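These notes concern the structure reproduced below.
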Amino acid sequence: MCAPAKINLVLRILDRRPDGYHNLWSVMQTVGLEDEVTIRLVPERAGIVLRCDEHTLKADQTNLVYRAAAAVLDRAGQQIGLDVALTKRIPMGAGLGGGSSDAAATIVGLNRLLGLQWSAAQMAEVSQSLGSDVPFFFHAPCAIVSGRGEQVSKVDLTGSRWVVLVNPGFGVETKWAYQHLSATRAAVRPIEDSYRSMEQAGPLAWDRILAAAHNDFEPPVFEAHPTLREIKRQLLVHGAEAALLSGSGATVFGVFPDESKAQAVHAVFKADPTLKVFTVSAGSGPLAWRA
């Protein structure tokens, strides 16, 4: 299974919920940077064995892929053994949803391998306990996400774009970002009508989305990490139609009208050895099964 990264073209953080999470409103879009999840059924034994090529990522019951596989087997009432291999390409703790995508890909793969025939809504229901970003990936490549992440409306985003992802080599803890956002903003702004209208608009053009691009996490995260503000500035200076922090960071991305312009900017950032830079197409399609 291919597990694509995501970017947040819009990310608004709203009020805190009674369950401790925050309501949000986001336009999410997958991009062509992908992890790989390989699953093999082992009928002669029970239990899940997970292997990962990233040594800093635990391959035990705390791993989202392991938890996703266990959730599927529990929901399906099956005790079959699984061998799962995770190949990481998406930087971790980067605001790109790698772990969430890996979990979603695991659910999609097992849905097919076990012949469960679950719908996207059923798979999303299984995934809700795994993380707020996971349900989105069952509706990729583009969707409006609200609530705590469980309300997902697929969007037909017309046209094409290329994206330059610039990761500084460090992460931003999501919990820290939420705490500092709450501590530094004067009030929670309601969702603007221009955003709400997107929910009823039918197919959306890239120009409309990019004109509305926004991330509420940028002020506190940029204050703590000025290098991220500078990366955004440089992306805009070099011709990005829009540049934003993705999620709570620390990846900053720029959107470009074509591959040649994106590759030219890639070369600018690649000269800095402290940065991880990826140039990818926007929109990977649905989670892809590879036989």
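The analysis underlying the following values was restricted to heavy atoms, covering all of them including side chains, and did not include hydrogens, waters or symmetry mates. What you are looking at is a predicted structure, and each value in this text was computed from that prediction instead of being measured. Numbering of residues begins at 1 and proceeds along the displayed sequence.
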(request) Indicate yes or no for a side-chain donor-acceptor contact from Asn215 to the backbone of Leu244 under 3.5 Å, with no hydrogens or angles considered. (result) no
(request) For Asp74 and Val126, run side chain to side chain contact (heavy atoms under 4.5 Å, CB included): C-alpha distance rounded to whole Å, both residues' side-chain angles, the deciding distance at 0.1 Å, then the answer. (result) CA-CA 10 Å; Asp74 181 65; Val126 173; over 6 Å; no
(request) Spell out, as yes or no, whether a donor-acceptor pair under 3.5 Å connects the side chain of His238 to the backbone of Gln234. (result) yes
(request) Kindly compute the distance separating NE2 (His180) from OG (Ser248), expressed to the nearest 0.5 Å. (result) 12.0 Å
(request) Please name the pair of heavy atoms, one in Ala213 and one in Ala242, separated by the smallest distance, quoted to 0.1 Å. (result) CB-CB, 4.2 Å
(message) Is it the case that the side chain of Ser246 and the backbone of Val252 share a donor-acceptor pair, with hydrogens and angles ignored and the cut-off at 3.5 Å?
(response) no
(request) Report yes or no: do Val37 and Leu41 belong to one cluster of Ile/Leu/Val/Met/Phe/Trp/Tyr joined by side chain heavy-atom distances under 4.5 Å? (result) yes
(message) Quick check for you: to the nearest 0.5 Å, what is the distance between Ser101 atom OG and Glu34 atom CD?
(response) 8.0 Å
(request) Please assess Lys88 against Glu36 for the test side chain to side chain contact (heavy atoms under 4.5 Å, CB included), listing each intermediate value before the final yes or no. (result) CA-CA 7 Å; Lys88 289 295 295 178; Glu36 187 82 21; over 6 Å; no
(request) Heavy atoms only: give me the nearest Lys154-Ala140 pair and the separation to one decimal. (result) NZ-O, 2.8 Å
(message) Quick check: closest heavy atoms across Ile90 and Ala5, and the distance to 0.1 Å?
(response) CD1-N, 3.5 Å
(request) Let me see the working for Leu116 and Gln78 under side chain to side chain contact (heavy atoms under 4.5 Å, CB included), right down to the final yes or no. (result) CA-CA 11 Å; Leu116 300 175; Gln78 300 202 26; 4.0 Å; yes
(message) Under the criterion side chain to side chain donor-acceptor pair (under 3.5 Å), I'd like the reasoning laid out for Asp53 against Thr87: C-alpha separation, chi angles, the key distance, then a yes or no.
(response) CA-CA 6 Å; Asp53 67 343; Thr87 303; 4.5 Å; no
(request) Determine, for Arg45 against Asp83, whether the closest basic-nitrogen to carboxylate-oxygen distance falls under 4.0 angstrom. (result) yes
(message) If I take atom CG from residue Leu86 and atom OH from residue Tyr66, how far apart are they, to the nearest 0.5 angstrom?
(response) 14.5 Å
(message) Once you measure the plane-to-plane angle for Tyr178 and Phe217, does it fall in the parallel (<30°), tilted (30-60°) or perpendicular (>60°) bin?
(response) perpendicular
(message) Quick one, His225 and Phe170 - any side-chain contact, counting heavy atoms below 4.5 Å?
(response) yes
(message) If hydrophobic clusters are built from ILVMFWY residues whose side chains come within less than 4.5 Å, do Val134 and Met92 share one?
(response) yes
(message) When you measure from the side chain of Gln200 to the backbone of Ser197, do you find a donor-acceptor pair of N or O atoms at a distance under 3.5 Å?
(response) no
(request) Please confirm whether the backbone N or O of Met28 pairs with a side-chain atom of Lys6, one donor and one acceptor, at under 3.5 Å? (result) no
(message) What I'd like to find out is whether the side chain of Val84 reaches to under 4.5 Å of the side chain of Thr38, using heavy atoms alone.
(response) no
(message) A cation-pi test, strictly: NZ or CZ of Arg148 under 6.0 Å from the centre of the six-membered ring of Tyr21 and no more than 45 degrees from its axis. Yes or no?
(response) yes
(message) Quick test of your reading of the model: are Glu192 and Arg12 salt-bridged, counting only N-O distances below 4.0 Å?
(response) yes
(message) Please determine whether the number of non-hydrogen atoms from other residues, nucleotides or ligands lying under 6.0 Å from atom CG of Asp193 exceeds 12.
(response) no
(request) With rounding to the nearest 0.5 Å, note down the distance linking CD in Gln61 to CG in Leu50. (result) 10.0 Å
(message) Please say yes or no: joined through hydrophobic side-chain contacts below 4.5 Å, possibly via intermediate residues, are Trp162 and Phe278 part of one cluster?
(response) no
(message) How close do Ala3 and Asp102 get, counting heavy atoms only, and between which atoms?
(response) CB-OD1, 3.4 Å
(message) With a 3.5 Å distance limit and no angle check, can you tell me whether Asn111 reaches the backbone of Trp118 through a side-chain donor-acceptor pair?
(response) yes
(message) For a quick test of reading the model, state the closest non-hydrogen atom pair linking Ala104 to Phe137 and the distance between them.
(response) CB-CB, 3.6 Å
(message) As an exercise, state the distance from CD1 of Ile107 to CD of Glu125, rounded to the nearest 0.5 Å.
(response) 11.0 Å
(request) Enter the distance from Leu9:CG to Leu210:CG here, rounded to the nearest 0.5 Å. (result) 6.5 Å
(request) Would you check if Val277 and Val268 make a side-chain contact, meaning some heavy-atom pair closer than 4.5 Å? (result) no
(request) List the atom of Val221, the atom of Leu228, and the distance in Å for their closest heavy-atom pair. (result) CG1-CD1, 3.7 Å
(request) Report yes if the side chains of Ser26 and Val10 come closer than 4.5 Å at any heavy-atom pair, otherwise no. (result) no
(request) Would you mind checking if Arg89 and Asp35 are paired as a salt bridge, meaning a charged N to carboxylate O distance below 4.0 Å? (result) no
(message) Is any side-chain heavy atom of Phe256 closer than 4.5 Å to one of Val265?
(response) yes
(message) Within the 4.5 Å heavy-atom criterion, are His214 and Tyr195 side-chain neighbours or not?
(response) yes
(request) Side-chain contact test, heavy atoms from C-beta onward, threshold under 4.5 Å: evaluate it for Ser281 versus Val31 and give yes or no. (result) no
(message) Test your reading of the model: is there a side-chain donor-acceptor pair from Arg189 to the backbone of Ile13, 3.5 Å cut-off?
(response) no
(request) Report whether Val49 and Leu73 are members of the same hydrophobic cluster (ILVMFWY, side-chain heavy atoms less than 4.5 Å apart, transitive linking). (result) no
(message) Hydrogens and angles aside, do Trp25 and Glu199 bring a side-chain donor and acceptor to less than 3.5 Å of each other?
(response) yes
(message) When you measure from the side chain of Asn8 to the backbone of Gly247, do you find a donor-acceptor pair of N or O atoms at a distance under 3.5 Å?
(response) yes
(message) Starting from Leu24, can I reach Trp176 by hopping between I/L/V/M/F/W/Y residues whose side chains sit under 4.5 Å apart?
(response) yes
(request) List the steps and the verdict of side chain to side chain contact (heavy atoms under 4.5 Å, CB included) for Val163 and Thr279. (result) CA-CA 6 Å; Val163 177; Thr279 295; over 6 Å; no
(message) Do Ile144 and Gln151 have side chains that approach each other closer than 4.5 Å (heavy atoms only, starting at C-beta)?
(response) no
(request) Run the salt-bridge test on Asp19 and Arg17 with the 4.0 Å N-O cut-off and return the result as yes or no. (result) yes
(message) I'd like to know if Asp258 and Arg161 make a salt bridge, using a cut-off of under 4.0 Å between side-chain N and carboxylate O.
(response) no
